[in-house]
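Here is the structure we will look at.
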Amino acid sequence: MAGAITGEFLGGGKGFGELIRVAASQLDTPRVFSLILYLSLLGLAMFGSVSLVQRKLVFWHKDTRANGE
């Protein structure tokens, strides 16, 4: 996700990277930070959903966390 946003930020387009670039060029700091916060929360949600699906589908994988079940 970070690579896609960075590529969009550098190469242009119509996504969040372009929105951040335009807001930064207009000195719209609250909008820049709100977009960054939104993308951070979106990334955490995507990571959590992939982790949940992995735990349900790859049940034979041994958990390596300190207090894993």
Side-chain angles (χ1 to χ4, degrees):
M1 185 166 165
I5 293 169
T6 303
E8 200 173 87
F9 183 75
L10 296 174
K14 294 184 178 183
F16 286 114
E18 179 68 12
L19 288 174
I20 292 172
R21 189 187 65 75
V22 169
S25 70
Q26 295 174 349
L27 300 176
D28 191 1
T29 307
R31 187 172 189 183
V32 170
F33 279 110
S34 66
L35 286 166
I36 291 172
L37 178 66
Y38 176 74
L39 288 172
S40 299
L41 294 174
L42 183 64
L44 287 172
M46 289 175 62
F47 178 79
S49 63
V50 168
S51 294
L52 180 67
V53 169
Q54 178 186 2
R55 275 186 273 156
K56 296 297 180 187
L57 294 180
V58 188
F59 54 87
W60 61 87
H61 180 57
K62 183 179 179 182
D63 195 5
T64 58
R65 291 181 291 183
N67 59 354
E69 299 173 356

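The figures that follow rest on heavy atoms only: side chains count, while hydrogens, waters and symmetry mates do not. Values in this document were obtained by computation on a predicted structure and should not be read as measured data.
Note that CG of L44 is 11.0 Å distant from CG of L39, once rounded to the nearest 0.5 Å.
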Considering only distance and modelled atom types, tabulate donor-acceptor pairs under 3.5 Å from the side chains of residues 27-36, sequence neighbours left out.
unit_1: S34; atom_1: OG; unit_2: P30; atom_2: O; d: 3.2
unit_1: S34; atom_1: OG; unit_2: R31; atom_2: O; d: 2.8

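Applying the salt bridge (charged side-chain N to carboxylate O under 4.0 Å, His left out) criterion to R21, with sequence neighbours excluded, gives E18. When the ring-ring contact (aromatic ring centres under 6.0 Å, His included) test is applied to Y38, the partners found at least two apart in sequence or on another chain are F16. Every residue was checked against the side-chain contact (heavy atoms from CB on, under 4.5 Å) condition with S49, not counting sequence neighbours, and none meets it. Here V58 pairs with Q54, W60, H61 under the side-chain contact (heavy atoms from CB on, under 4.5 Å) rule; sequence neighbours left out.
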